[in-house]
**Student:** 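One structure coming up, written as structure tokens, with questions to follow.
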There are 2 protein chains.
Amino acid sequence: MFALPLAYGRMAMSCTDQADFGPFIERLTARSVLSEEEKQAILGLPGHAVHVRAKQDFVHINEETAYSCFVVSGLVGRTGQTAAGARQITAFHIPGDMPDLSSAVRPVGVGGLTALCDTVILRIPHVAIRNLMARYPAVAEAFWRDTMLDAAILLQWVINVGRRDARSRLAHILCEMSIRYGRDREILTEYDFPITQEQLGDAAALTSVHVNRSLKSLRQEGAVTIRSGKVRIADWDKLVAIGDFESSYLVADTGPERQRRLLSAA
Amino acid sequence: MFALPLAYGRMAMSCTDQADFGPFIERLTARSVLSEEEKQAILGLPGHAVHVRAKQDFVHINEETAYSCFVVSGLVGRTGQTAAGARQITAFHIPGDMPDLSSAVRPVGVGGLTALCDTVILRIPHVAIRNLMARYPAVAEAFWRDTMLDAAILLQWVINVGRRDARSRLAHILCEMSIRYGRDREILTEYDFPITQEQLGDAAALTSVHVNRSLKSLRQEGAVTIRSGKVRIADWDKLVAIGDFESSYLVADTGPERQRRLLSAA
DNA sequence: CGAAGAATTGAATTTCCTCAAAGTTCGTGG
DNA sequence: CCACGAACTTTGAGGAAATTCAATTCTTCG
């Protein structure tokens, strides 16, 4: 078995530290208007913790699940595949993300989910999510908005894979993850990114050999270094220039002010 | 000016033929449980018709709009761009689609919208959409689900661009459009696809020169022919094989039965 | 009929891939 | 604490796919 069930119970109880679920709430509330009651309701979602070892799929392509996953720790990749078996990572999901939140509304279509390193997830029944959304329309909208952020990232992914050369693709990914790992979306010049060059290649649509050569080039140019899962950005501006990175798709979001405007207009 | 305003008024009135808005309703109701009242409410959305000439952008990248677009006729491309100016089409939208429905909830992040040929769209104010969703939660969910179908298509787009060679990419696109143009998702072996090889290249992340050579190869192999915007699929099975096409991401959807199950469970 | 846009073809070049072999790192068990 | 093995990284050489640049032909449309 690839997965080891640990505990059942309320989300807040299935982990010793309730803060585990914090990042998601933080991200949501940064972009949506949620009341204390609504936030508490989200925190009260029932969750089932699962440890997944590195390189194990925990949701298969075209699998129809009855739950959505919340990433507690580790790193998750959304994957697709050609018939020939070539793997493509279409998204990274870090702690605080819900990679397949959309499955609550459309049970298939997110592709597979793989743990890129040892990872802990929480499985949250669709029924619970749907109940919550029925009760709190603002939560439903916040969830929808969260899936649209994923879609916006995916859109940049297409551009990255389609229109940039190897070095740019990698630089772009490293810039993006820097912002995403950062609290309040600030730039992290150093962060843990537990991924192999092979997996980076699956994400950037390159072979691991070419990833290696390209990383070497980035390193020699003094832009960035990756060593045993630790990214050190030596020169942010240079990395941004190489990666043709423009963070607005991550940052420019519907903040609470905008939400209030929309709500008052309606 | 690139756009020529035509008429204001209720959606049903801004076009002589109400059936123009039909495809969207059909698609939605095929995947969601909507009452007659809810359908009528959607049909009653106010729309502002706009004619857009070929190759004109009508929503710019990072533009924050106050409306979503509904494609009445023609062909729309969602676009992204690198700083160097390389263009990438990330999605095609055909009559009946709402390319930036998501902007009602997250005003930026869909990229730009371009008319790939002479096209008519309807601009529907976010306020109206949001009012409708507030009144009918089932409509809100149906709209969300529609954006998730786009996301699922986008996911395949990444795989296509990232992991297939030129011929396969083109074959995959032509297969996908065949299904999408078909009513009830049946296979069309002949359909209008008013697009240039240059634009196909922007979609497949290839140069127009290489698109040309690859199409020639597909033609010579007896798989498919494109001539002045008309696709003729000579051998569907062959095209599917070359394009590594598996239609479930378009077809396998949350039908009404599944929706009823989810609703009753909740 | 003429012009503009689109499609087609050729030749040289570049980027990335494939195949193959060493070298490193790190965890595990002796 | 060291030896071993597995996984990961690094490097080399040759080849394939797609690009670039440039020129020509075909279509469409006013």
Side-chain angles (χ1 to χ4, degrees), chain A residues 53-56 75 77 82 84-88 114-118 160-171 192-220 224-232 242 244, chain B residues 53-56 75 77 82 84-88 114-118 160-173 192-220 224-232 242 244:
Chain A
R53 271 174 312 179
K55 302 221 223 173
Q56 300 294 338
L75 184 65
T82 65
R87 194 163 247 235
Q88 174 70 51
T114 309
L116 299 177
C117 63
D118 289 354
N160 203 33
V161 163
R163 286 301 180 201
R164 287 194 260 262
D165 65 11
R167 276 162 32 107
S168 292
R169 286 183 214 179
L170 295 170
D192 285 342
F193 190 33
I195 194 172
T196 67
Q197 294 183 356
E198 178 90 38
Q199 293 165 337
L200 260 180
D202 287 345
L206 298 166
T207 59
S208 62
V209 171
H210 204 58
V211 168
N212 185 278
R213 291 195 229 270
S214 304
L215 287 179
K216 180 183 179 184
S217 162
L218 290 176
R219 193 190 321 131
Q220 288 177 336
V224 68
T225 306
I226 311 187
R227 188 152 187 79
S228 53
K230 287 194 184 340
V231 175
R232 262 176 257 274
I242 296 171
D244 184 30
Chain B
R53 272 174 311 177
K55 302 222 220 173
Q56 300 294 339
L75 184 64
T82 64
R87 194 162 247 236
Q88 174 69 52
T114 310
L116 299 176
C117 64
D118 289 354
N160 203 34
V161 163
R163 288 297 179 205
R164 287 193 259 262
D165 66 9
R167 278 162 31 108
S168 292
R169 287 183 214 180
L170 295 170
H172 194 275
I173 288 174
D192 285 341
F193 189 33
I195 196 172
T196 66
Q197 294 182 355
E198 177 91 38
Q199 293 165 336
L200 260 181
D202 287 344
L206 298 165
T207 59
S208 63
V209 171
H210 203 58
V211 168
N212 185 278
R213 292 194 231 270
S214 304
L215 286 179
K216 180 182 179 184
S217 162
L218 290 175
R219 193 191 321 131
Q220 288 177 337
V224 68
T225 306
I226 312 188
R227 192 159 181 73
S228 53
K230 286 191 184 347
V231 175
R232 262 176 257 273
I242 296 172
D244 184 29

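Every chain is numbered from 1, with letters handed out A, B, ... down the list of sequences. These numbers come from a predicted model, not from an experiment.
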**Student:** Treating B/S168 as the side-chain partner and B/I242 as the backbone partner, does any N or O pair qualify as donor plus acceptor under 3.5 Å?
**Tutor:**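 Indeed, once roles are kept as given, a pair shorter than 3.5 Å links the two residues.
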**Student:** Please list, in 5' to 3' order, the outermost nucleotides of DNA chain D lying under 4.0 Å from any heavy atom of chain A.
**Tutor:**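 Going 5' to 3' along DNA chain D, contacts run D/dC8 to D/dA13.
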**Student:** Run the side chain to side chain contact (heavy atoms under 4.5 Å, CB included) test against B/V209 and tell me which residues pass, sequence neighbours left out.
**Tutor:**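 In terms of side chain to side chain contact (heavy atoms under 4.5 Å, CB included), with neighbours along the sequence ignored, B/V209 is linked to B/T207, B/R213.
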**Student:** Looking at residues at least two apart in the chain, or sitting in another chain, which of them share a salt bridge (charged side-chain N to carboxylate O under 4.0 Å, His left out) with B/R232?
**Tutor:**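 Once residues adjacent in sequence are excluded, the partners of B/R232 under the salt bridge (charged side-chain N to carboxylate O under 4.0 Å, His left out) criterion are B/E190.
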**Student:** How close do A/L218 and A/A171 get, heavy atom to heavy atom, and via which atoms?
**Tutor:**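 Minimum heavy-atom separation between A/L218 and A/A171: CD1-N, 4.3 Å.
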**Student:** How does protein contact run along nucleotides 13-18 of chain C, one letter per nucleotide 5' to 3', with B for base contact, S for sugar-phosphate only, - for none, heavy atoms under 4.0 Å?
**Tutor:** ---BSB
**Student:** Which heavy atom in B/Q197 sits nearest to a heavy atom in B/L215, and how many Å separate them?
**Tutor:**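 Looking at all heavy atoms of both residues, the closest pair is NE2-CD1, 3.8 Å.
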**Student:** Using atom names, set out every protein N or O paired with an N or O of nucleotides 24-29 of chain C below 3.5 Å, distance rounded to 0.1 Å.
**Tutor:**
residue: C/dT25; atom: OP1; partner: A/R227; partner atom: NH2; Å: 2.9

**Student:** How close do B/L170 and B/A204 get, heavy atom to heavy atom, and via which atoms?
**Tutor:**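 The pair with the smallest heavy-atom distance is CD2-CB, 4.1 Å.
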**Student:** Could you give the angle between the helix axes at the two ends of the helix from C/dC1-D/dG30 to C/dG30-D/dC1, with five pairs per end, rounded to 10 degrees?
**Tutor:**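 The end axes of the helix from C/dC1-D/dG30 to C/dG30-D/dC1 are about 40° apart, to the nearest 10°.
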**Student:** Report the distance from atom NZ of B/K55 to atom P of C/dG5, rounded to the nearest whole Å.
**Tutor:**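 Distance, rounded to whole Å: 7 Å.
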**Student:** Which heavy atom of B/G162 sits nearest to which heavy atom of A/A205, and what is that distance?
**Tutor:**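 Between these two residues, the closest heavy atoms are O-CB, 3.4 Å.
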**Student:** Let me confirm one number: the CD-CG distance from B/Q199 to B/L75, rounded to the nearest 0.5 Å.
**Tutor:**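 If I round to the nearest 0.5 Å, the distance is 7.5 Å.
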**Student:** Checking B/K55 now: which residues fulfil salt bridge (charged side-chain N to carboxylate O under 4.0 Å, His left out) with it, not counting sequence neighbours?
**Tutor:**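 So B/K55 forms no salt bridge (charged side-chain N to carboxylate O under 4.0 Å, His left out) with any residue.
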**Student:** Which pair of non-hydrogen atoms, one from B/A166 and one from B/L206, has the smallest distance, and what is that distance?
**Tutor:**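 Nearest pair, atom of B/A166 first, then B/L206: CB-CD1, 3.7 Å.
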**Student:** Checking A/D118 now: which residues fulfil side chain to side chain contact (heavy atoms under 4.5 Å, CB included) with it, not counting sequence neighbours?
**Tutor:**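 Only A/R53, A/A54 meet the side chain to side chain contact (heavy atoms under 4.5 Å, CB included) criterion with A/D118.
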**Student:** May I have all residue pairs that pass salt bridge (charged side-chain N to carboxylate O under 4.0 Å, His left out) and include part of residues 161-171 of chain B, sequence neighbours excluded?
**Tutor:**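 As it turns out, the salt bridge (charged side-chain N to carboxylate O under 4.0 Å, His left out) pairs with a partner in residues 161-171 of chain B, which skip direct neighbours, are A/D202-B/R163, B/R164-B/D244, B/R167-B/E221.
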